[in-house]
**Student:** 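Can you keep this structure in mind? I'll have questions shortly.
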Amino acid sequence: MINLENFSEWYSEILERAEIYDVRYPIKGCGIYLPYGFKIRRYTLDILRRLLEERGHEEVLFPLLIPEDLLAKEGEHIKGFEDEVFWVTHGGKKPLEVKLALRPTSETAIYYMMKLWIKVHKDLPIKIYQVVNTFRYETKHTRPLIRLREIMTFKEAHTAHATGEEAENQVKEAIEIYKEFFHELGIPVMVSRRPEWDKFPGAQYTVAFDTIFPDGRAIQIGTVHNLGQNFSRTFDLEFETLEGGKDYVYQTCYGISDRVIASIIAIHGDEKGLVLPPQVAPIQVVIVPLLYKGKREVVEEKALELYKLLKEMGIRVEIDNRDIRPGRKFYHWELRGVPVRIEIGPKDLENKVVTIYRRDTEEKYQVRKEDIKEEILSLFERIKENMRERARERMERYITTLDFSEDTPLEEIVKEVRKNLKERKGVILIPYSERVYSEDLEEKVEASILGVTEYKGKKYVVVGRTY
RNA sequence: GGGCCUGUGGGGUAGCCUGGUCUAUCCUUUGGGAUUUGGGAUCCUGAGACCCCAGUUCAAAUCUGGGCAGGCCCA
C-alpha cells in the first residue's frame with residue numbers, strides 16, 4: 001500500500017497521511033505537530049518523565065534566549081555550535097547591545113544559574129531536566145523530525161555532583177534510563193562511546209545511542225555526556241567540600257529529541273502505515289460496529305457497553321461510528337497504527353464473542369465476551385514484546401561483523417568495509433585496533449565511525465552511514 | 001561546500017518545450033443528499049489551484065531575472 005522500498009518517500013507519506021506532522025510551514029526545517037502526532041509525542045514524553053523522576057530528576061524551565069557573552073564563555077563548546085546559532089539582533093528597530101542567541105542547547109544558561117544555587121556539598125547533587133525547543137541553523141538537508149532547524153522536543157537533563165565518581169555513576173544511571181526508555185518503545189539500540197573528534201563540544205566524553213532505520217542508515221537518538229569539570233571551571237561552579245576544602249562540581253548532561261518520535265514511526269511502521277506500541281498510541285483500541293439495517297441498534301448498544309468497559313480500565317478507546325463502509329475504517333485505523341481493533345457485528349452477538357484484530361501481526365480472532373478484559377491487557381503485553389523482538393531482528397540484519405587480524409593491510413580493510421557498506425548497508429563492526437580507529441578511516445570508507453562498542457563479548461569499531 | 005532539478009485545488013498530476021484554444025485535465029480529498037455496510041461501494045449535486053516579486057509582450061501557468069520553498073547527486 002505504501003511503498004516501503006523507498007524509505008524517504010514512505011516516511012514523508014506516513015507523516016502526512018497519519019496526520020502526525022505537517023511539513024508545509026514556509027520555513028525550512030520547521031513544521032507542525034498535528035494533534036495525532038502531538039499525542040504520540042506526549043505519551044512518549046510521559047514515559048521519559050516517569051523514568052527520570054523515579055530516579056530523582058526534577059523538571060524545570062529555562063528561557064529560550066541566551067546572551068552572547070554567556071553562550072561564548074566556554075571556548076570549546078561555542079566552537080562546536082557557532083556556525084549554527086540563530087541570533088536575535090534587534091528589539092523592534094533598535095539593534096541590541098548584546099545579541100541574544102536562540103538556545104542551540106542550554107548548558108550555558110543552566111550553568112550560569114547553577115553558580116547561584118551551589119555553595120556547599122549539601123547543595124549537591126543537582127539533577128534537573130527540561131523539555132524545550134532548541135534551534136540550529138542547519139544548512140544541509142533538513143528532514144521532518146530528524147534534522148530540524150527548530151528542534152521542538154529536546155529533553156535535556158543536567159546534573160552536578162561533588163565527585164568525579166558520582167558523575168561517573170550518573171552517566172551510568174542515565175544510560176540505564178535511556179536503555180529502559182528505548183526498551184519500553186521497542187526501539188533497538190547500540191550504545192557506543194563516540195570518538196574524540198565527534199564528542200559533544202566541551203565534554204570529556206560522549207556515550208551515544210544509535211538505531212538503524214529501514215534504509216540501513218544509522219541514526220543517533222540519544223546522548224549522554226560526562227562534562228567533568230570543563231564547564232564548572234569556566235562557570236566557576238565552586239563549592240565547599242565535606243572536608244572543608246574547595247572544588248569545582250562534576251557535571252553530566254544527556255538528551256533525547258524529536259528523533260525518538262521519528263524512530264517509533266520508522267522502526268515499527270510497515271506498508272500499511274504506522275504500527276504504534278500501545279503505551280504511546282493515542283488510541284489503543286478502536287471499536288468498529290458493523291451496522292446492518294435492522295440490527296443497527298443492538299450492535300450499537302453492545303459497542304457502547306464495550307466502550308464503557310474499556311474506558312473504565314483506563315484504556316484509550318474510541319468507537320468509529322462514521323457512516324462509511326467498514327473496510328474503509330479498517331484501513332483508516334491501520335494507517336494510524338492503532339494497536340487493537342475490535343469488531344462487533346450481528347454474527348458476533350449471536351456467538352457471544354467479539355472479533356479482535358491486532359495491528360502488529362495482522363491476526364484476527366474471536367474472544368468470548370467475558371474474557372475481553374483479561375485478553376486486552378495480556379494482548380498489549382504480547383504486542384509490545386512482539387514489536388520489540390521484530391525490531392531487534394530487523395536491526396540485527398543490518399549489523400555486519402568483519403574479522404581482520406593485526407596484519408591485514410589497511411587497504412584491504414578499507415576495501416572490505418566499503419564493499420560491505422554498499423552491499424549490506426547498516427553498520428559494519430571491525431575488531432578494535434588503534435590504526436582503524438581514526439578520522440582518516442572515515443574519509444577512506446566515506447562513512448562515520450560511531451564509536452567503540454561491545455558486541456557479543458568483543459570490542460569493535462562501529463562504522464556506518466548516518467543521518 | 002559544489003552541481004543538477006522542481007514549484008498548478010488539501011495530496012498526486014495533465015498542460016509549459018512552441019505565449020492566445022485555460023472558463024486549467026484526470027485521480028484523490030471535501031460539503032449536502034440517496035443508497036449501502038464482516039476489507040478502500042455506487043449515484044446525484046456542490047467546493048477547491050497556476051509559490052512570491054519584478055521584467056519582456058497587445059497577451060504569461062507557459063519566456064527572463066531575483067527571492068522563498070522543496071527534491072536529487074557529489075565532497
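Lettering of chains follows the sequences in order, A, B, ..., and the numbering in each one begins at 1. Owing to the predicted nature of the structure, the values given are computational and were not obtained by experimental measurement. Only this structure's heavy atoms are used, side chains among them; waters, hydrogens and symmetry mates stay out.
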**Student:** If we ignore angles and hydrogens, is there a donor and acceptor under 3.5 Å between the side chains of Thr153(A) and Asp258(A)?
**Tutor:**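 Present: a donor and an acceptor within the cut-off.
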
**Student:** Would you tell me whether Arg382(A) and Ser378(A) have side-chain atoms, one donor and one acceptor, within less than 3.5 Å of each other?
**Tutor:**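 Arg382(A) vs Ser378(A): donor-acceptor pair found between side chains.
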
**Student:** Regarding Arg424(A) and Thr400(A), is there a side-chain donor-to-acceptor distance under 3.5 Å anywhere?
**Tutor:**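 Side-chain D/A pair, Arg424(A) to Thr400(A): present.
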
**Student:** With P as the reference atom in both, quote the distance from rU30(B) to rG11(B) in angstrom, rounded to an integer.
**Tutor:**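 That atom pair is separated by 14 Å.
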
**Student:** Using the P atoms only, state how far rG65(B) lies from rG1(B), rounded to an integer number of Å.
**Tutor:**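 One P to the other, the span is 24 Å.
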
**Student:** Begin with the C-alpha distance, continue with both residues' side-chain angles, and end with the deciding distance and a verdict on side-chain contact (heavy atoms from CB on, under 4.5 Å) for Thr355(A) and Ile344(A).
**Tutor:** CA-CA 6 Å; Thr355(A) 301; Ile344(A) 302 188; over 6 Å; no

**Student:** With a 4.0 Å limit, can you tell me whether Arg17(A) has a side-chain N or O closer than that to the phosphate oxygens OP1/OP2 of rU28(B)?
**Tutor:**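 For rU28(B), OP1/OP2 do not have a side-chain N/O of Arg17(A) under 4.0 Å.
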
**Student:** For rG46(B), which nucleotide is its Watson-Crick or G-U wobble mate, given both distances must be under 3.5 Å?
**Tutor:**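 rU30(B) - that is the nucleotide pairing with rG46(B), both distances being under 3.5 Å.
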
**Student:** Expressed as a whole number of Å, how far does the P atom of rG7(B) sit from that of rU45(B)?
**Tutor:**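 The same atom, P, in both gives a distance of 34 Å.
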
**Student:** Would you kindly say whether Glu156(A) and His158(A) are connected by a side-chain donor-acceptor distance under 3.5 Å?
**Tutor:**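 Note: Glu156(A) and His158(A) side chains meet the donor-acceptor criterion.
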
**Student:** Could you state the atom-to-atom distance from NZ of Lys347(A) to P of rU37(B) in whole Å?
**Tutor:**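 Distance, rounded to whole Å: 12 Å.
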
**Student:** Looking at the rings of Trp197(A) and Tyr437(A), which for Trp means the six-membered one, are their centres under 6.0 Å apart?
**Tutor:**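 Centroid separation for Trp197(A) and Tyr437(A): below 6.0 Å.
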
**Student:** Whole Å only: how far is the NZ atom of Lys293(A) from the P atom of rG38(B)?
**Tutor:**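 Distance, rounded to whole Å: 13 Å.
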
**Student:** Got a donor-acceptor pair under 3.5 Å from the side chain of Lys364(A) to the base of rG39(B)?
**Tutor:**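 Answer yes: a donor N or O sits under 3.5 Å from an acceptor.
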
**Student:** Could you give the distance separating rU21(B) and rC16(B) at their P atoms, to the nearest angstrom?
**Tutor:**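 Those two atoms are separated by 13 Å.
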
**Student:** Distance check needed: rU36(B) P versus Arg296(A) CZ, whole Å only.
**Tutor:**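 Checked: the CZ to P distance equals 11 Å.
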
**Student:** Is there a side-chain polar atom (N or O) of Tyr292(A) under 4.0 Å from OP1 or OP2 of rU36(B)?
**Tutor:**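 False: Tyr292(A) side-chain N/O out of range (4.0 Å or more) of rU36(B) OP1/OP2.
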
**Student:** Just how far, in rounded Å, is C1' of rG39(B) from CD of Glu343(A)?
**Tutor:**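 Computing the Glu343(A):CD to rG39(B):C1' distance gives 9 Å.
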
**Student:** Measuring only the C1' atom in each nucleotide, how far is rU56(B) from rU62(B)? A whole number of Å is fine.
**Tutor:**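 Nearest-Å result for rU56(B) against rU62(B) at atom C1': 14 Å.
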
**Student:** Please give the distance between the P atoms of rU28(B) and rU64(B) as a whole number of Å.
**Tutor:**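 That atom pair is separated by 35 Å.
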
**Student:** Is a donor on one side and an acceptor on the other found under 3.5 Å between the side chain of Glu150(A) and the backbone of Cys30(A)?
**Tutor:**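 No, the answer is negative, given that no donor and acceptor are paired below the 3.5 Å cut-off.
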
**Student:** Which base, if any, makes a Watson-Crick or G-U wobble pair with rA61(B), both distances under 3.5 Å?
**Tutor:**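 Paired with no nucleotide.
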
**Student:** How long is the line joining NZ of Lys329(A) and C1' of rA41(B), in whole Å?
**Tutor:**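 Rounded to the whole Å, the gap is 14 Å.
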
**Student:** Less than 4.0 angstrom between a side-chain N/O of Arg24(A) and OP1 or OP2 of rG11(B), yes or no?
**Tutor:**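 Yes, such a contact exists.
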
**Student:** Could you please name the partner base of rA69(B), counting Watson-Crick and G-U wobble pairs only when both distances are under 3.5 Å?
**Tutor:**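 rA69(B) is paired with rU6(B).
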
**Student:** Is any N or O donor-acceptor pair between the side chain of Thr139(A) and the base of rG1(B) shorter than 3.5 Å?
**Tutor:**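 Result: no qualifying N/O pair found.
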
**Student:** Rounded to whole angstrom units, what separation is found between the CG atom of Asp323(A) and the P atom of rG33(B)?
**Tutor:**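 In whole Å, rG33(B) P lies 10 Å from Asp323(A) CG.
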
**Student:** Strictly distance-based, threshold 3.5 Å: is any side-chain N or O of Trp87(A) a donor or acceptor partner for the main-chain N or O of Glu68(A)?
**Tutor:**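 Looks like no, no N/O pair under 3.5 Å.
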
**Student:** Has the side chain of Tyr205(A) got a donor or acceptor atom that lies under 3.5 Å from a matching backbone atom of Asn226(A)?
**Tutor:**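 No, the answer is negative, given that no donor and acceptor are paired below the 3.5 Å cut-off.
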
**Student:** If you pin Asp348(A) and Arg325(A) to their nearest nucleotides in RNA chain B, which one's is more 5'?
**Tutor:**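 Final value for this comparison: Asp348(A).
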
**Student:** What integer number of Å spans the C1' atoms of rA69(B) and rU23(B)?
**Tutor:**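 Per the computed distance, 30 Å lies between those C1' atoms.
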
**Student:** How does protein contact run along nucleotides 69-75 of chain B, one letter per nucleotide 5' to 3', with B for base contact, S for sugar-phosphate only, - for none, heavy atoms under 4.0 Å?
**Tutor:** SS-B--S

**Student:** Tell me whether the side-chain N or O atoms of Glu16(A) pair up with the base of rG11(B) as donor and acceptor below 3.5 Å, since no angle test is needed here.
**Tutor:**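 Check fails, no donor-acceptor contact within cut-off.
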
**Student:** rC26(B) and rG20(B): how far apart are their C1' atoms, nearest whole angstrom?
**Tutor:**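 Going atom to atom, C1' in each nucleotide, I get 24 Å.
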
**Student:** Looking at Arg418(A) and Glu446(A), is there a salt bridge between them, counting it only when a charged N and a carboxylate O are closer than 4.0 Å?
**Tutor:**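 Yes, Glu446(A) and Arg418(A) are salt-bridged.
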
**Student:** Write down the partner of rU18(B) under the Watson-Crick or G-U wobble criteria, each distance required to be under 3.5 Å.
**Tutor:**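 Pairing partner: none.
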
**Student:** Using purine N1 to pyrimidine N3 plus N6-O4 or O6-N4 for Watson-Crick, or N1-O2 and O6-N3 for G-U wobble, each under 3.5 Å, what pairs with rU56(B)?
**Tutor:**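 Base partner found: none.
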
**Student:** Could you check how far CD1 of Ile324(A) sits from P of rA34(B), rounded to whole Å?
**Tutor:**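 Spelled out: CD1 on Ile324(A) to P on rA34(B) is 17 Å.
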
**Student:** Going by 5.5 Å between centroids and 30° between planes, is there a stack of Phe330(A) over rG39(B)?
**Tutor:**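 Check failed, Phe330(A) does not stack on base of rG39(B).
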
**Student:** Give a yes/no answer on whether the side chain of Arg328(A) brings an N or O atom under 4.0 Å of OP1 or OP2 in rU29(B).
**Tutor:**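 Arg328(A) to rU29(B) OP1/OP2: side-chain N or O found under 4.0 Å.
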
**Student:** Students often get this wrong, so: under 4.0 angstrom with heavy atoms, is Glu443(A) touching a base, only sugar-phosphate, or nothing?
**Tutor:**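 It contacts nothing in the nucleic acid.
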
**Student:** In whole angstrom, what separates Glu363(A)'s CD from rG39(B)'s C1'?
**Tutor:**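 Checked: the CD to C1' distance equals 17 Å.
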
